[in-house]
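As structure tokens, the structure follows; a few thoughts come after it.
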Amino acid sequence: MVQLYNLHPFGSQEVVPCKLEPERFCGGGRDALFVAAGCKVEAFAVAGRGLCQPRCAFSTLGRVLRLAYSEAGDYLVAIEEKNKATFLRAYVNWRSKRTENSRVCIRMVGHDVEAPFSETFRDQMSIVEMPLSEAPLCISCCPVKGDLLVGCTNKLVLFSLKYQIINEEFSILDFERSLIIHIDNITPVEISFCIGYAAVMSDLEVLILKLESDPKNGESVNHHPRKTSNPVKLSEDISNETLQLESDDFVICQKPMELLGEKSKQSGIAVTLESTGLADEKIKYFHVQHLLYRCFAPDISSCVLSDDIKLHSLQLLPIYQTGSLTSERKHSSQEKELLSLFCFFSLPHVGYLYMVVKSVELMSVYQYPEKSQQAVLTPQFLHVITSNNLQCYTVRCSAAAAREEDPYVDTTLKACPPVSMDVCALRIQLFIGLKAICHFKNHIILLTKADPETIPERRESPKRLLSRKGTSVNLKTPPVAEAGWNLYIVNTISPVQLYKEMVDYSNAYKTAKTQSCIHLLSEAHLLVRAALMDASQLEPGEKAELLEAFKESCGHLGDCYSRLDTQYSHLALPYYKMSGLSMAEVLARVDWALEDGAQKYERGLIFYVNHSLYENLDEELSEELAAKVVQMFYVAEPKQLPHILCSPSMKNIDPLTAISYLRKLDTSGFSSVLVTLTKAAVALKMRDLDMHRNEMKSHSEMKLVCGFILEPRLLIQQRKGQIVPTEFAVQLKETQPGLLVASVLGLQKNNKIGIEEADSFFKVLCGKDEDTIPQLLVDFWEAQLVACLPDVVLQELFFKLTSQYIWRLSKRQPPDTTPLRTSEDLINTCSHYGLISPWVNVLISSESLADKNYMEDLSKLQSLICGPSFDIASIIPFLEPLSEDTVAGLSVHVLCRTRLEEYERCIDRLLERCPEAVIPYANHELKEENRTLWWKKLLPELCQRVKCGGEKYQLYLSSLKETLSVVAVELQLRDFLNVLPEDGTAAFFLPYLLYCSRKKSLT
């Protein structure tokens, strides 16, 4: 049974001043209400408070059987009957109808209107005749595009709304018959159409189809109707068998069935599309997709009349995107973007609500306490009428749409009551003689009529009424005397007013700590959420009030989930986040009173506070609240206490209070090193350095690093989006910089801190700006290379280090602190630092470099260049500050050119600047395929320079002799003679020639 809350969703009511007893009525848009009686339609303007004023009246061709209004296009469409013939007519530009006798233009659908008649059409109502080959049974207008769907026997006809452009200033509304949907074996009683989705209902069957424009799976479109498919033949055979078997002794009933998605094709109902366009490019829909088939069977045990087992109130309800509508699009219904679509239909005692967009799913089932006559679905409510009651039920449309619109719903950021939550009745209002209902905006239109005295009727055989053939028989009651009637406009109260009443009502359950409190507050939340989604219906200034109510409802739900011990206690976190309440404001709402002498803390509150303290909120709790939080976690979650004390929000906690709770902790079962580090951090806050040192000595450095990894906030905190080193980090910088670097490296290795965050941390810690690199950061970069972290981009790290080494060497800038590793340490422990070539030492020793730090930076740079992983080409453009005029700069440039295999250029530079390094360079670099440079490059260059003399003559001469010794070994005598200079002294070269000739005889 549906739970009933005695709330008051209905407000004032007004009587519609219509002259004749209404036979059909409908409303729509912002203010339009139409009432059909006899051969006449009265139009009324409905003001915001339900005040109803006559606007105009016009005659129809005959008695109105069906009536529908489309806000898109602002037209009224009716099925009219005259002389047992039915007609389909659309009333366009009806607002221009001044008096009942005003002239009216009647035209056929699709006929072009000539320009001279434009002024006539501008100022008078037009009636568009839409002839059909079969009698129309029901109609439905698309609420978004204004297209008209007409139901006939075994088919649906789609008329697309379009505009005939008369001139630049004027166009008239018209329709184009664009598609025929052949549906065999079902006769539509009601239909509903919305942006390509079509729902068809017979007495006991419901079929939902989707017309798609992409030619893929499904039934393809034809220009002529196709023959019926096999399922229909099977269904016809079954029908024939039913007729043969049916007799006075048997009752044949159709089997109840629910088919979802592709399975609904098995319903036995064949669907074929027939395009009525003139060309293929005009085809709007290419194929049809089956979404739902639902078949009901009569209850033969009750032997009730056939009218009691028929479906009614078929309706498709769209919900649109709220975030994508711009200010220009808010007033154009044709530009709305569909978010979710829902389908409702009802039996006399049960209603069904489906979601049908991305997946077809039964959302809610409504059990009515008595037989229903009609129902209307809105984004906020389901209104149902019985013979004497107007019932108001809650719906889950906004809950489903919220999940479609926002992917963060059902996370720790946002929440929404579940779609599966039980629906409830908000009100059952007494109304005598209810006959019909419709709804638009916040108005409910009700037709009441006092029943005359019941005239006894002969009951027919139940078996006959329950047979499939008998269900199509319409029983007509004998004419009776006219009875009193009224047409009412009942206004629903504003969502905010009803929300406040629901909150007040929920207070009765709050002290009892029951699920009813959560249920009613969830209903209130969904009510406000639905109102916000339907922004087009909001009055000016109402949205701000609704947003405030939305936040307040989130706060109330957060309170419930934080206080009640349920399996959904974790929802306290997202609801409190959505409420906009600060953590202090949430804690101020907590009842800290003791229960039975002991304080009990529920899981929801613990979960919320724990996550909030982890998320680095820019909020500092007062000393009093911080003490209560510590007490709460000491009692409920002692393992989390060290983490809680490290939160920036707990900055104002009394250190003595923190130490007292930490000392009382039983560290068995969780990390004792974390408790130790937390004590050390609190000791620093107390300025007790002895206690701090004692705590730090109680564990090895490796364990301390593990402790920092468990709780990074001991070293690094974020405030207002900025990295802030803690007092602990400052202390380690001064006393144990190696431990600090190792700890931050551990944080990066375990994905607790990013590369850029780590760089920023060291810069802020050392008080440097963005352009200045402290030595501690260089130590960290070197440690990253040594550790070979997988996520580190090597070339970026190489670039950072080489840029810093080059900058220091060019500026002769010493490091601001003592480096943690020497170049020798890096060469021995890191594969990316290579052994420095021997000739580099010869080159460096040629000039006195007394500065130890300068030598260390130079050695690290040379070692990186000699390493196997360094991309030399990327660093060449940045070598410009390092001048070749210095020995250090020369060594780096020559090393880089050598790695690029520019050996001849390197030989020239060494011969010019440091001849004593040429032979060591050649011995180390000119090997294998490059050995030819000994006699092709080095030998001619040395001969030329010896010939020229100068102050470096002796260096060149000794280098020449060593070169000749190498060449004599490498070449044959003939080749050796060819590479010797022609103008050389024979006595000088003779020993090398003799050695080369003896070498041949020896071999």
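In this text, all values refer to a predicted model and were calculated from it rather than measured experimentally. Values reported hereafter were calculated over all heavy atoms of this structure, with side chains retained and with hydrogens, waters and symmetry mates removed.
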*Take the angle between the ring planes of Tyr505 and Tyr5 and call it parallel below 30°, perpendicular above 60°, tilted in between.*
perpendicular
*Going by atom types only, do Glu523 and Thr394 share a side-chain donor-acceptor pair under 3.5 Å?*
yes
*asked:* Distance check, rounded to the nearest 0.5 Å: Asp406 atom CG versus Leu413 atom CG?
replied: 9.0 Å
*Any chance you could measure Ser178, atom OG, to Leu158, atom CG, to the nearest 0.5 Å?*
4.0 Å
*With under 30° as parallel and over 60° as perpendicular, where do the rings of Tyr368 and Tyr393 fit, or are they tilted in between?*
tilted
*Backbone of Ile437 reached by a side-chain donor or acceptor of Gln374 within 3.5 Å*: yes
*Does His525 have its ring centroid less than 6.0 Å away from the ring centroid of Phe550?*
yes
_Would you say Asn389 and Glu370 are linked by a side-chain donor-acceptor pair, where the criterion is simply a distance under 3.5 Å?_
yes
*Please check if the distance between the ring centroids of Phe296 and Tyr352 is under 6.0 Å.*
yes
*Could you tell me the separation between the CG atom of Leu292 and the OH atom of Tyr354, rounded to the nearest 0.5 Å?*
5.5 Å
*asked:* Rounded to the nearest 0.5 Å, what separates atom CE in Met578 from atom OG in Ser553?
replied: 7.5 Å
_Flag, side chain of Thr492 to backbone of Pro9, donor-acceptor distance under 3.5 Å_ = no
*asked:* How long is the straight-line distance from CG of Leu161 back to SG of Cys142, given to the nearest 0.5 Å?
replied: 9.5 Å
*Would you indicate whether the side-chain heavy atoms of Ile195 and Pro318 approach each other to under 4.5 Å?*
no
